[in-house]
Number of protein chains: 2
Amino acid sequence: MARRRAGEALPAEAADTVTALTRGLDVLGCFRRGDGPLGNQEIAARTRLPRSTVSRLTATLTRAGWLLHVPETQRYRLGPAAIALGGAALGGLDIRGIARAPMQDLANRTRAVVALGMRDRLSMLYLEVVRSDAPISLNLEAGSRISLAFSAMGRAWLAAAPPAEREDALLRLRELDDGAWPRIAAGVARAREDAAVLGICCSFGEWQDGVNAIATSFRPGGGLPLMVLNVGAPAFVCSTESLLDEARPALLALARSLDGVLDRPG
Amino acid sequence: MARRRAGEALPAEAADTVTALTRGLDVLGCFRRGDGPLGNQEIAARTRLPRSTVSRLTATLTRAGWLLHVPETQRYRLGPAAIALGGAALGGLDIRGIARAPMQDLANRTRAVVALGMRDRLSMLYLEVVRSDAPISLNLEAGSRISLAFSAMGRAWLAAAPPAEREDALLRLRELDDGAWPRIAAGVARAREDAAVLGICCSFGEWQDGVNAIATSFRPGGGLPLMVLNVGAPAFVCSTESLLDEARPALLALARSLDGVLDRPG
DNA sequence: CCCCTTATTCCGTATTACGGAAATTAATAC
DNA sequence: GTATTAATTTCCGTAATACGGAATAAGGGG
């Protein structure tokens, strides 16, 4: 009885990987911000795992507190253990605390939203979001995701990431949606150029209509991966010119000041 | 070759539980707010799993983005997937959004910290924390834990939880620290009495010296478990009297208004 | 140079996870 | 009331997988 699915490309990556664990984590990964409780069927569809397997995995996850079972509707939602894990993960990121104050400064000066993020698989993940006192507020919080290909933040990552990681990410983006590839590729080429010339990457209405943003990356050190800072706002708050002329130097200064902070003594 | 550890009591609970997954999740659970990166050794000690097994699990978790490997120190920290999961879990909790505004009201009126929490294993977990404008701020955020046995919040849960769950939790608390049991038992007895008579449970300096709090529980509905609201502050901000006389009625009113909100049409 | 500590790789074993199919439960239609 | 559809869970034989003890490798002081 073959345990690995028939059509699956076997990428030889997995010398020593615990499949049962990977699958269980994939089940958890099904739950995205915004969609409600999920039934086993839906989970099976998303993970492309056999139903009986999903049943066993959800049972296990529920017993351990990672999922909550809603008896009436026979669906699952993420449980307390998931929340606690996120708390532990964010709590351990000292860079957030270090960056928050200067980010707030920048946000106030530009009247924009300033965010700190890192890559998570094929998205960028917000780690800290700071708004100016003017409450325009794009509805984004720490822990939410944003496009890797079309946001300024994602492009800044793509422009500065280690080549191997970048190529891997681009490859997967491509096989995920081949139709979007031309736009993605163009955006990435532009991003690398912008990064080289201006030090920042842009997304003017490309991630979402009417939203402008610029972003740049830095290496915090301390074993943490490449991180990205961005400044963004609706176009009527920040024109592309104001972002490029006023926000850009401040953003670059901030990023430079955070380069290697975690490796510095003190 | 026995795969289950020798001395382990086998609780027959596990008809259909995926051990590899449970163990992997236990590894993630090792990472607590506040402690830095963990090495395999440390993880093996905390989980009481063999070293080679831990090695395999951490490798798997790292490949999937749940852990980050810090090469220099050969340690692991929680990765982006963990953060994203927490975000998804909190984002799906509509009760937070519903409760926030009235909680803020209450916080402003009492000049205390108002928090919403639920149980996670042997702790209470903060889901939402709201401060009065007066920035005294106990350093607590959504996603952090607080004692089940000694906090007002924990006691309110113990007083109202389904008997089976309560007994299970108490049993485990007892075997975790037998020495503390007399204090715990006394606190719980008192809590049940307070809940019956006053509708709230108290912790006046028992969780942490100089910190007073009261708490009460409610059932939000929508398949969610019992939740707890508390009002707390340093003793010099809120005396026990002011909590009992002024905060208590407001807290009870808030809890009652949230009872079953998620089941109500609209 | 050697010892000590920690992480990883090896590898034979049999336990465990697997998944197709049957059974169960639930809801809706007829 | 019965039939039909749909979803979840249980069963169970199979063998692939995870297991863990021991050996190996990689550092880091003393």
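Within every chain, numbering begins at 1; the chains are lettered A, B, ... in the order of the sequence lines, protein sequences first and strands thereafter.
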Check the phosphate of C/dC18 against A/Thr53, side-chain N and O only, distance under 4.0 Å to OP1 or OP2. Yes or no?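 No, A/Thr53 has no side-chain N/O under 4.0 Å of OP1/OP2 on C/dC18.
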
Within less than 4.0 Å of OP1 or OP2 of C/dG19, is there a side-chain N or O belonging to A/Arg23?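 The answer is yes; a side-chain N or O of A/Arg23 sits under 4.0 Å from OP1 or OP2.
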
Encode nucleotides 2-11 of chain C as B, S and - characters from 5' to 3', where the letter depends on protein heavy atoms closer than 4.0 Å: B to the base, S only to sugar-phosphate, - to neither. ----SSBB--

Return yes if a side-chain donor-acceptor contact under 3.5 Å exists between A/Arg63 and B/Thr17, otherwise no. yes

Look at the side chain of [X] and the backbone N and O of [Y], then say whether any donor-acceptor pair between them is shorter than 3.5 Å.
| X | Y | value |
| --- | --- | --- |
| B/Ser217 | B/Met227 | no |
| B/Arg155 | B/Val188 | no |
| A/Asn230 | A/Ala115 | yes |
| A/Thr216 | A/Gly199 | yes |

Over its full length, what angle do the end axes of the helix from C/dC1-D/dG30 to C/dC30-D/dG1 make, each axis taken from five pairs and the result rounded to 10 degrees?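 Here the local axes at opposite ends form an angle of 40°.
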
Between A/Glu141 and A/Arg33 (salt bridge meaning N to carboxylate O under 4.0 Å), is one present in this structure? no

More than 12 heavy atoms of other groups within 6.0 Å of A/Arg192 CZ: no

Please tabulate, for side-chain N and O atoms in residues 34-45 of chain A, each donor-acceptor pair with protein atoms closer than 3.5 Å (sequence neighbours left out).
unit_1, atom_1, unit_2, atom_2, d
A/Asp35, OD1, A/Arg32, N, 3.2
A/Asp35, OD2, A/Arg46, NH1, 3.2
A/Asp35, OD2, A/Arg46, NH2, 3.3
A/Asn40, OD1, A/Thr58, OG1, 3.1
A/Glu42, OE2, A/Arg46, NE, 2.9
A/Glu42, OE2, A/Arg46, NH2, 3.4

